[in-house]
Every structure is written in C-alpha cells, then in structure tokens.
Chemist: 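After the structure tokens below, expect a handful of questions from me.
Numbers restart at 1 for each chain; the letters A, B, ... are given by sequence-line order, proteins then strands. Note that the coordinates shown come from a computational prediction; the quantities given were computed from them, not determined experimentally.
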Protein chains: 2
Amino acid sequence: MIVGRSFLATFTNKIDSKGRVSVPAKFREILEAQGSRALYCRASFVAPAIAAGGADWMATLTQLVEGHDPSSEMHDDFAYTLLGETIELTFDPEGRVALPDELVAHAKLSEAASFVGLGGYFEIWEPRALEIRKIQARRAASERRGLLRPKIGGAA
Amino acid sequence: MIVGRSFLATFTNKIDSKGRVSVPAKFREILEAQGSRALYCRASFVAPAIAAGGADWMATLTQLVEGHDPSSEMHDDFAYTLLGETIELTFDPEGRVALPDELVAHAKLSEAASFVGLGGYFEIWEPRALEIRKIQARRAASERRGLLRPKIGGAA
DNA sequence: CCATGATTTCCCATGATATCCCAACGTTGC
DNA sequence: GCAACGTTGGGATATCATGGGAAATCATGG
C-alpha cells in the first residue's frame with residue numbers, strides 16, 4: 001500500500017552531452033518528502049526501461065530480500081538481483097542525475113527520457129518507446145473497462 | 001532491518017601487480033560511517049567469492065558465536081570458522097586493500113575484482129563468475145515474479 | 001644483536017570521471 | 001511586464017582509480 005504521495009503523470013526531459021537528465025520537480029518533491037537524498041535505479045525486468053524510486057521503494061526491495069531465510073537459495077537470488085543490481089544516484093544542485101551507461105543501454109536512451117509515474121515508483125523510458133507502450137496499454141485497459149466501471153467514476 | 005546505509009550495486013576494479021584493489025568509494029563511505037577503519041573478510045561458504053563487511057557485519061558474526069553456550073560444540077565450531085577464518089584488512093591511504101593469497105585463490109581472482117553490494121555486507125567476485133551467477137539469480141527471481149510484481153517496478 | 005632479503009606501507013603522479021558552480025532561457029503566474 | 005521556478009548548457013574543480021618508486025617493517029639466519 002502506498003502511504004505518502006505517489007508518482008503520477010509523465011514528463012519528458014533532455015539528456016545532455018554529459019549524460020545528465022533533470023528529474024521532474026514533481027518527482028523530486030516526493031523523493032525529498034521520503035527523506036531520500038538519492039534516487040535508486042535498476043533495469044526493469046520486463047521492459048526496456050529503468051525502474052526508479054526513493055527510500056520507500058528501496059525499503060520494499062530490501063524487505064523482499066530480508067523476508068527470506070538468509071541461508072536459502074531464494075534469499076541469495078533476490079539479493080544479487082535486487083541489491084546487487086540496484087544503483088544509488090545522487091542529485092546535482094540543479095536536480096539532475098547522471099544515468100550510467102548500462103542503464104542507458106538497457107532503456108535505449110539517447111536524446112531524451114520520459115519519466116512515467118507508477119505510484120510507488122516510476123520508470124524512465126525512451127520517449128517514443130513509452131508512447132507505443134502506452135497505446136498498447138490503453139487498448140488493453142479499454143477492453144477490460146467493465147472491470148473499472150463499478151469502482152471508478154465515469155470510467156470507460 | 002538494516003539501519004544505516006546499505007551496500008548496493010556492483011563495481012569492478014583492477015587488481016594491480018602488488019595484489020592491491022581499490023574498494024569502491026561508495027562502499028568505503030559506508031564502512032567509515034560504521035566507524036571501521038578496517039575491512040573484514042572471509043571465504044564465502046557457498047560461492048567462489050569473498051564475503052566482506054565492516055564493523056557492523058563483524059558484530060553480527062561475533063553475535064552468532066556468542067549466541068551459543070560457550071561449553072557447546074556449536075560454539076566452538078562457529079568460533080573457529082567465523083572468527084578464526086575471518087581476517088582484518090587495512091586500507092592504504094588511497095583506499096585500497098591487499099587481498100591475501102588464500103582468498104584470492106578461493107575466489108579465483110586474477111586481473112580484476114567485482115564488488116557486489118548485498119545490503120549489510122558485500123562480496124568480491126571474479127567479474128565473469130559474478131555475471132554468470134547474476135544471470136542465474138535473475139532467472140530464479142523472475143520465476144517467482146509473483147512475489148515481486150506488486151511491489152517493484154517493472155518486476156519480472 | 002645484527003645483517004639480510006622479502007614484504008608491506010607510504011607517498012606522489014596521472015588520467016579519467018564526476019561534481020560543483022554559474023549563467024541563460026523558456027514558462028507560468030501575478 | 002516582471003518575478004519565480006524549472007530546465008538546460010558548459011567551464012572549473014574535486015574526487016577516484018591506478019601505477020610505480022621509496023621508505024619502513026618484519027621474519028629469518030648468522
């Protein structure tokens with residue numbers, strides 16, 4: 001369950017020649033509210049995107065690891081994946097972060113990056129790839145609009 | 001639950017002709033925050049790797065030993081293994097340590113070493129061996145993606 | 001107790017990288 | 001139009017990883 005404010009909407013910013021991007025101010029606000037001076041990032045398992053979040057999100061990752069018996073195989077698998085492959089990025093005074101090459105490659109980023117809020121975390125996409133993904137998601141969601149109607153006002 | 005900052009991400013550094021490696025600055029920061037001027041190391045039980053940590057990690061090892069009745073066999077077994085086979089390495093002014101031959105042999109290190117953060121401690125691997133282990137870990141974690149999906153971004 | 005060789009520790013130099021700082025510009029709202 | 005804010009750009013600065021020589025330390029045998 002998401003407690004504080006959640007990451008919403010999509011923002012697109014440029015990536016400069018040094019590999020820096022401004023994290024949207026709206027997102028930075030939420031991160032600061034979590035008391036995290038840093039941004040935690042990892043390659044998405046399923047999408048050509050970077051999953052990112054603040055201290056709260058990192059805490060859930062940590063809990064997933066610690067929720068298993070330390071001597072179990074599953075604990076180690078989660079640890080190598082969720083801890084060993086998640087990096088901590090720090091902000092410059094202007095609110096930018098420098099994305100490491102591996103993550104840039106995974107998300108196929110070049111000139112710009114789109115930040116899409118997904119509640120407790122957000123993702124960083126190549127803008128065009130995100131557009132395509134959104135169109136697909138919209139269509140799929142609309143086919144299931146019956147699931148939304150009873151709960152969401154004016155749905156579908 | 002981990003209290004202070006935890007070891008995250010993976011860094012790969014060279015081993016020079018004198019057997020020295022730079023411990024990643026991010027990791028050294030955490031060690032210093034623990035007030036440990038030294039690095040504690042031991043051969044991993046399950047992997048061809050070196051397990052390492054700071055004062056906090058060493059404290060947990062010590063507690064494992066002291067948690068048993070001093071007259072019990074278990075106490076001695078733990079003591080010989082956890083205390084008797086853990087060594088204390090000191091940093092040179094540039095933040096490097098010299099890995100002893102036994103540990104180098106155990107982890108089959110040669111030109112470079114990868115430091116993978118695992119929360120309260122980290123491991124030192126032969127870079128290629130770690131890559132293989134990570135791929136396996138990712139696959140295993142992904143098969144249990146049901147555990148991840150609701151919480152992590154782009155999970156599984 | 002000293003001499004010796006081997007090892008370790010320190011110190012400095014060097015690129016490469018990352019970080020900071022300052023400035024400019026477009027938007028938005030007053 | 002002006003002020004505040006967020007984004008963008010680029011030069012200056014600091015930090016980090018790395019390599020190698022010099023000095024100090026240690027273990028050993030005489």
Side-chain angles (χ1 to χ4, degrees), chain A residues 5 7-33 36-41 50 52 54 87-105 109-117 122 124-127, chain B residues 5 7-33 36-41 50 52 87-105 109-117 122 124-127 130:
Chain A
R5 289 173 53 201
F7 298 104
L8 287 181
T10 300
F11 304 89
T12 300
N13 288 334
K14 284 190 187 172
I15 300 177
D16 69 18
S17 57
K18 292 182 181 177
R20 297 176 297 189
V21 240
S22 281
V23 174
K26 284 251 174 72
F27 286 6
R28 288 203 311 262
E29 253 177 51
I30 299 174
L31 294 172
E32 283 162 26
S36 76
R37 205 175 61 271
L39 180 67
Y40 299 93
C41 296
I50 302 167
I87 62 173
E88 182 183 328
L89 301 182
T90 55
F91 292 96
D92 74 6
E94 286 77 33
R96 292 173 286 196
V97 292
L99 298 171
D101 294 341
E102 306 138 33
L103 292 181
V104 166
L109 301 177
S110 54
E111 295 162 28
S114 288
F115 296 73
V116 53
F122 58 89
I124 305 172
W125 285 71
E126 200 290 314
Chain B
R5 286 176 54 204
F7 297 104
L8 285 182
T10 300
F11 305 90
T12 300
N13 288 334
K14 285 189 187 170
I15 300 176
D16 69 17
S17 57
K18 293 181 182 178
R20 298 176 297 188
V21 242
S22 282
V23 174
K26 282 249 171 75
F27 286 7
R28 289 201 312 261
E29 254 178 51
I30 298 174
L31 293 172
E32 283 163 24
S36 73
R37 206 176 61 271
L39 181 67
Y40 300 93
C41 297
I50 302 167
I87 61 172
E88 182 182 331
L89 301 181
T90 56
F91 292 96
D92 75 6
E94 286 76 33
R96 292 173 287 198
V97 292
L99 299 171
D101 294 342
E102 302 155 28
L103 292 181
V104 167
L109 300 177
S110 54
E111 296 164 25
S114 288
F115 296 73
V116 54
F122 58 90
I124 305 172
W125 284 70
E126 200 289 313
L130 177 61

Chemist: Can you tell me the Watson-Crick or wobble partner of C:dG26, both distances under 3.5 angstrom?
Modeler: D:dC5

Chemist: Rounding to a whole Å, what distance do you find between B:D101:CG and C:dA6:P?
Modeler: 16 Å

Chemist: How many angstroms lie between CG in A:D92 and CD in A:E94, if you round to the nearest 0.5 Å?
Modeler: 4.5 Å

Chemist: Rounded to whole angstrom units, what separation is found between the CD1 atom of A:I15 and the C1' atom of D:dG9?
Modeler: 15 Å

Chemist: When the distance from CZ of B:F11 to P of D:dC16 is rounded to whole Å, what number comes out?
Modeler: 12 Å

Chemist: Please determine whether a side-chain nitrogen or oxygen atom of A:R28 lies at a distance below 4.0 Å from atom OP1 or OP2 of D:dC5.
Modeler: no

Chemist: Taking CG from B:N13 and C1' from C:dG15, how many angstroms apart are they, rounded to a whole number?
Modeler: 15 Å

Chemist: Rounded to the nearest Å, what distance is computed from the CD1 atom of residue A:I87 to the P atom of nucleotide C:dT17?
Modeler: 16 Å

Chemist: Ignoring hydrogens and geometry beyond distance, is the side chain of B:E94 in donor-acceptor contact with the base of D:dC16 at under 3.5 Å?
Modeler: no

Chemist: For B:T90 and for A:D92, find the nucleotide of DNA chain C with the closest heavy atom, then tell me which residue's nucleotide is more 5'.
Modeler: B:T90

Chemist: Is A:R96 close enough to D:dG10 that one of its side-chain N or O atoms is under 4.0 Å from OP1 or OP2 there?
Modeler: no

Chemist: Compute the ring centroids of B:F27 and B:F7, then answer whether they are less than 6.0 Å apart.
Modeler: yes

Chemist: Under a 4.5 Å cut-off applied to non-hydrogen side-chain atoms, are A:L39 and A:C41 in contact?
Modeler: yes

Chemist: Roughly, in whole Å, what's the span from CD in B:E29 to C1' in D:dA17?
Modeler: 15 Å

Chemist: Which nucleotide, D:dT8, D:dG11, D:dG19, lies nearest any side-chain atom of A:R20?
Modeler: D:dG11

Chemist: Mind checking if A:A25 touches a base, just sugar-phosphate, or nothing, with heavy atoms under 4.0 Å?
Modeler: sugar-phosphate

Chemist: Send over the distance from B:K14 NZ to D:dT18 P, rounded to a whole Å.
Modeler: 6 Å

Chemist: Considering only heavy atoms and no angle criterion, is a donor-acceptor pair shorter than 3.5 Å present between the side chain of A:K18 and the base of D:dT8?
Modeler: no

Chemist: How close or far is atom P of D:dC5 from atom CD of A:E32, stated in whole angstroms?
Modeler: 14 Å

Chemist: Rounded to the nearest 0.5 Å, what's the gap from CZ on A:F115 to CD1 on A:I50? Could you check?
Modeler: 8.0 Å

Chemist: Could you tell me whether B:E29 and B:R5 make a salt bridge, using a distance below 4.0 angstrom between a side-chain N and a carboxylate O?
Modeler: yes

Chemist: For A:P24 and for B:T12, locate the closest nucleotide of DNA chain D by heavy-atom distance; then report the residue assigned to the nucleotide nearer the 5' terminus.
Modeler: A:P24

